[in-house]
Amino acid sequence: SAVISQKPSRDICQRGTSLTIQCQVDSQVTMMFWYRQQPGQSLTLIATANQGSEATYESGFVIDKFPISRPNLTFSTLTVSNMSPEDSSIYLCSVERGGAQYFGPGTRLLVL
Amino acid sequence: KNEVEQSPQNLTAQEGEFITINCSYSVGISALHWLQQHPGGGIVSLFMLSSGKKKHGRLIATINIQEKHSSLHITASHPRDSAVYICAIGGSQGNLIFGKGTKLSVKP
């Protein structure tokens, strides 16, 4: 199994500011995934973060808006830059281990 | 067209009822996942299936690979089962591709 923590658990931010979300895993993993869940919607993959290389972004997501760091095999950050109300979502990190998926508790972001 | 389709979108049941949630997908897969998301947002993995049937407590998941269809059943439903149930298939990078979820509400 894998235990994942995220910080912050929630935040309220002003338009135009940036927020960095941290994701910590209790053991080493090769790939970490960042998802967004907009209100009433399902989860959408933002990017895949591998240690030692640049993150791979899905269509519709760009590095300037969602820069990701992956400094080691247990930690990653996702920054939501220049926020607008449309960025209000739950952001979750996830890892895969042995075919099973494990999720962090999520960061609930509200942009005013 | 979404790769993963779930039905129903919303489901209300009385405590004790037998519940079925359906999932269809359009691509070949190696595994299908059923997940549970509670109102606070946290997601828990319930099952990972590649064939046949799995059972855990009152939850049963089945998959028919040829028909590209899976079902999640809850027997003797209870108000604490109220949550969003999500079907997901494996993506190319080890990520998941999610259905839109089924919001279940079980009334006492």
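Below, chain A is the first sequence line, B the second, and so on; all start at residue 1.
A disulfide bond (SG atoms under 2.5 Å apart) check over residues 9-65 of chain B, counting only residues at least two apart or in different chains, returns the pairs B:Cys23-B:Cys87. Residue pairs that meet the disulfide bond (SG atoms under 2.5 Å apart) test with at least one member in residues 17-108 of chain A, sequence neighbours left out, are A:Cys23-A:Cys93.
When the heavy atoms of residues 57-64 of chain A are compared with those of chain B, the residues falling under 4.5 Å are A:Glu58, listed by number. Near-neighbour residues of residues 45-54 of chain B relative to chain A, defined by a heavy atom under 4.5 Å from a heavy atom of that chain, comprise B:Ser45, B:Met48.
Judged by distance alone, the side chains of A:Thr79 and A:Thr20 do bring a donor and an acceptor atom under 3.5 Å apart. Looking only at atom types and distance, the side chain of A:Thr77 has a donor-acceptor partner in the side chain of A:Ser69 under 3.5 Å away.
For A:Tyr102, no part lies under 4.5 angstrom from a heavy atom of chain B. If you measure heavy-atom distances from A:Leu43 to chain B, the contacts under 4.5 Å come from both the backbone and the side chain. For A:Gln37, the part sitting under 4.5 Å from any heavy atom of chain B is the side chain, from C-beta outward, and nothing else. Heavy atoms of A:Gln101 lying under 4.5 Å from chain B belong to its backbone as well as its side chain.
Here the OG1 atom belonging to A:Thr30 is positioned 11.5 Å from the CE atom belonging to A:Met32, to the nearest 0.5 angstrom. The distance from atom OG of A:Ser94 to atom CD1 of B:Ile43, rounded to the nearest 0.5 Å, is 8.0 Å.
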Show the numbers, then the answer: is there a side-chain hydrogen bond (donor to acceptor under 3.5 Å, both in side chains) between A:Gln24 and A:Thr74? CA-CA 6 Å; A:Gln24 179 77 51; A:Thr74 62; 3.2 Å; yes
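Within 6.0 Å of CD in A:Glu54 there are 12 or fewer heavy atoms belonging to other residues, nucleotides or ligands.
Note on ring orientation: taking the six-membered ring where Trp is involved, the planes of B:His73 and B:Phe18 are parallel (angle under 30°, cut-offs 30° and 60°).
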